[in-house]
Every structure is written in structure tokens, then in C-alpha cells.
Amino acid sequence: MTAASMTGMTALSVGKDIRLNSAEELEATLRHIGATRYHSLHPFHKLLHGGKLNKGQVQAWALNRYYYQSTIPIKDAVVISRFRDRATRLEWRHRIEDHDGDVGSEGGIERWLKLTEGLGLDTAYVESTEGILPATRFAVEAYVHYCREKSPLEAIASSLTELFAPNLHEERIAGMLEHYDFVNPDIMSYFKRRLTQAPRDANFALDYVKAHATTPEQRALVCNALIFKTNVLWVQLDALQHAYVEGNIPPGAFVPKVS
Ligand SMILES: O=C(O)c1cc(C(=O)O)c2c(n1)C(=O)C(=O)c1cc(C(=O)O)[nH]c1-2
């Protein structure tokens, strides 16, 4: 079965029903997984980018996403810890700097805080992560655990959602600037910066899995790592939708003061 003919990927399992015999088939399947499962397809993103949310709902999204953003360098430190091979550690290291910054230079986490501050949230409250949804915490922690417990190949493969992030970021920058009067280019600088960082990272991870997954079984592990990660992202938006669009805010979670 080729990737192009996999219309019902959800009903099929990579490894059991689909056997990938080359690096090219692997890449085609990864791209198919992205095209059918990436969170760009989630209804919450359609609302966010289409200007259909109020300010409080956008605040809830940015507050919850802060937990993902601020955990990424911890996840990347875990990935690095899985490699005895110095060259891979060296290649992966800049990801931590991209998010944490360096002494005297700003990183992604600070840029994310510009977004939350620009949206009117108190930075100490955002950093405390007190108001995030339980599902956000569980999903993000599952990602860190995954990278610690699975094979180093799967740890790298789970970052492959980044292949699909730049299109989403383009759509987000354009959509949010167009539709929300409380959004300006300065507070969207996080996403602008990721447009150059993400392709470099994603291409390294893609080349890595193509070179190191050399059997159909290993290629299946890579695909399933990407499916796992699309689920990590998807459930975070399911939880936002349930809490802030459908109005079921769990006890203790952020309650918007503005609408
Ligand atoms: O805005 C998004 O939709 C989005 C998605 C993803 C992703 O696909 O995992 C990342 C990011 N943003 C992002 O900004 C980022 O730094 C990042 C790092 C990683 C990763 O798995 O290592 N994913 C993502």
C-alpha cells in the first residue's frame, strides 16, 4: 500500500497493515500523517485564526500554550540525554537556546511572554502555570515521558510535527493580525521567528529518521511516534474547546475576565 492510497489511515495501523520498505515511503507516510492529523485541522484553530474567538478565549489559548512552550527545552534536554553520540547532542543543543535564549539574548519563551503580556495576562500568573487545564499538563508531560522512555529514534521522530508548523504559523500570523484589534506584529514575534527555526529543525529530524530507520519495523516506530505527537497537540485543543468554547471550565482553571 502506498501513502497516496491510504485514505483511511485512522483505520489502519502502520506496521501491521502498512509496511514501509524505503526511506521515500517513510517520508510519504509521515507527510500523509501530517496532512490528516496535524492540529492545523482542529476546529479550535479554525476559530482562533478566523477571528471567531473573544479576547478571553485567546488569552486561555496563549496561557495554556505557554506550558507547552516552556516545557519544550526540558523535553529537548531529555532528548539530548538519550544520545551518547556527541554529534547528535551538538546538533540538538541549539533548540534549547532557541527557547531559553542566552545571557543577554532573548529566546522563544520570552517572546511567548510578550504575547501573553500583550494580551493582558499577568506574567507571574502565566509563569506559575496555575491556571492551565489539567489536560494541557497531562498531554505536555506525556510528551516529555515519551522522549525519556521510548527509543532515541522515537524521541527524535516525535518532533516531526514541526514539519507542518510553518504553514500553520503563517496562517496564524495573517489571521490573527487581520481579525483581532488586540493583536499587533510585535506580540506575534514568536511565530515570525519560528518560521526560520522550525524548518531547519524539522529537516534535521526528517533526514535523521530517514537515515536511521532502516527496517520496516523501525519505520513503523517513527510513524507511530508522529501519530503520538499529533495526539499530544490535538487533545490540548480539544480541552480548550471544551472549556472555553463550550463553557466547561474545570475547577481551578483560568477564568477569563474579559470577553
Ligand atoms: O504553534 C504550533 O502549532 C506549534 C506546533 C509545534 C509542533 O508541531 O509540535 C511546535 C511549535 N508550535 C513551536 O513553536 C515549537 O517551538 C515546537 C517545538 C516542537 C518540538 O516538538 O520540539 N514542536 C513545536
Side-chain angles (χ1 to χ4, degrees), residues 30-31 33-49 58 61-82 88 91-101 106-116 136 139-148 150 152 154-176 183 187-206 208-209 222 225-238 240:
L30 292 170
R31 292 194 184 280
I33 292 167
T36 51
R37 288 172 171 264
Y38 194 49
H39 66 171
S40 52
L41 300 167
H42 196 285
F44 189 88
H45 270 155
K46 306 278 178 217
L47 298 176
L48 176 68
H49 303 158
V58 177
W61 165 75
L63 174 81
N64 276 272
R65 262 295 297 266
Y66 174 80
Y67 191 63
Y68 182 70
Q69 295 307 139
S70 58
T71 305
I72 290 288
I74 297 171
K75 181 275 295 185
D76 284 325
V78 169
V79 174
I80 286 176
S81 77
R82 306 299 312 279
T88 309
E91 160 55 42
W92 211 262
R93 192 160 75 191
H94 71 258
R95 293 177 184 239
I96 297 180
E97 282 152 24
D98 285 349
H99 289 277
D100 281 345
E106 184 186 67
I109 294 177
E110 283 159 294
R111 274 181 224 110
W112 196 272
L113 288 170
K114 269 194 191 156
L115 172 66
T116 52
T136 304
V140 170
E141 286 179 359
Y143 185 26
V144 181
H145 288 305
Y146 188 94
C147 292
R148 186 173 293 129
K150 298 284 183 167
E154 289 162 290
I156 288 204
S158 64
S159 73
L160 283 169
T161 45
E162 282 204 275
L163 275 175
F164 317 109
N167 283 346
L168 180 63
H169 288 170
E170 297 260 24
E171 186 187 315
R172 183 172 301 146
I173 294 168
M176 289 181 69
V183 169
I187 70 170
M188 295 298 279
S189 68
Y190 176 82
F191 298 108
K192 204 141 196 290
R193 193 59 189 272
R194 285 307 294 170
L195 292 178
T196 49
Q197 292 174 339
R200 177 198 55 193
D201 293 352
N203 288 335
F204 171 81
L206 181 60
Y208 184 94
V209 299
V222 168
L226 177 58
I227 290 174
F228 163 80
K229 175 66 173 308
T230 58
N231 289 337
V232 165
L233 297 172
W234 195 274
V235 295
Q236 291 179 66
L237 296 181
D238 276 353
L240 283 166

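Everything quoted here is computed from the prediction, not taken from an experiment. Counting starts at 1 for both ligands and their atoms, following the listed order.
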For [atom], find the nearest protein heavy atom and state the residue, atom name and distance (0.1 Å precision).
{"atom": "atom 22 (O) of ligand 1", "answer": "K75 NZ, 2.7 Å"}
{"atom": "atom 8 (O) of ligand 1", "answer": "Y38 OH, 2.7 Å"}
{"atom": "atom 20 (C) of ligand 1", "answer": "Y143 OH, 3.4 Å"}
{"atom": "atom 14 (O) of ligand 1", "answer": "Y190 OH, 2.6 Å"}
{"atom": "atom 17 (C) of ligand 1", "answer": "E162 OE2, 3.7 Å"}
{"atom": "atom 4 (C) of ligand 1", "answer": "H169 NE2, 3.5 Å"}
{"atom": "atom 7 (C) of ligand 1", "answer": "T161 OG1, 3.3 Å"}
{"atom": "atom 3 (O) of ligand 1", "answer": "H39 NE2, 2.8 Å"}

> What's the verdict on side chain to side chain contact (heavy atoms under 4.5 Å, CB included) for T230 and H39, showing C-alpha distance, side-chain angles and the deciding distance?
Replying inline: CA-CA 7 Å; T230 58; H39 66 171; over 6 Å; no
>> Between Y208 and E91, is there a side-chain donor-acceptor contact under 3.5 Å, judged purely by atom types and distance?
In response: no
> Under 3.5 Å, is there a donor-acceptor pair linking the side chains of K229 and Y143?
Replying inline: yes
> How does Q197 reach ligand 1, if at all, at less than 4.0 Å between non-hydrogen atoms: by side chain, backbone, both, or neither?
Replying inline: neither
> At a non-hydrogen distance cut-off of under 4.0 Å, which region of L233 contacts ligand 1 (side chain, backbone, both, or neither)?
Replying inline: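 For L233, only side-chain atoms sit under 4.0 Å from ligand 1.
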> Checking side chain to side chain contact (heavy atoms under 4.5 Å, CB included) for the pair L115/F191: CA distance, chi angles, key distance, verdict?
Replying inline: CA-CA 10 Å; L115 172 66; F191 298 108; 4.1 Å; yes
Before signing off on this row, confirm whether [X] and ligand 1 have an N or O atom pair separated by under 3.5 Å.
{"X": "S159", "answer": "no"}
{"X": "R95", "answer": "no"}
{"X": "R194", "answer": "yes"}

Side-chain contact, heavy-atom cut-off 4.5 Å: [X] with [Y]?
{"X": "W234", "Y": "R37", "answer": "no"}
{"X": "I96", "Y": "I80", "answer": "yes"}
{"X": "E154", "Y": "F228", "answer": "no"}

>> For a side chain to side chain contact (heavy atoms under 4.5 Å, CB included) check, start with the C-alpha distance between K192 and M188, then their side-chain angles and the critical distance, and finish with the verdict.
In response: CA-CA 7 Å; K192 204 141 196 290; M188 295 298 279; over 6 Å; no
>> Can you confirm whether or not the ring centre of W61 sits under 6.0 Å from the ring centre of Y66?
In response: no
For [X], state whether at least one heavy atom is located under 4.0 Å from any atom of ligand 1.
{"X": "Y68", "answer": "yes"}
{"X": "Q69", "answer": "yes"}
{"X": "R65", "answer": "yes"}

> Should the pair R95-E162 be classified as a salt bridge under the 4.0 Å nitrogen-to-oxygen rule?
Replying inline: yes
>> Within the 4.0 Å heavy-atom shell around H99, which atoms of ligand 1 are there?
In response: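 Every atom of ligand 1 under 4.0 Å from some heavy atom of H99: 16 (O).
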>> Go through it in stages, so that I can follow the logic: the residues are H45 and L240, the test is side chain to side chain contact (heavy atoms under 4.5 Å, CB included), and I'd like the CA-CA distance, side-chain angles, deciding distance and then a yes or no.
In response: CA-CA 10 Å; H45 270 155; L240 283 166; over 6 Å; no
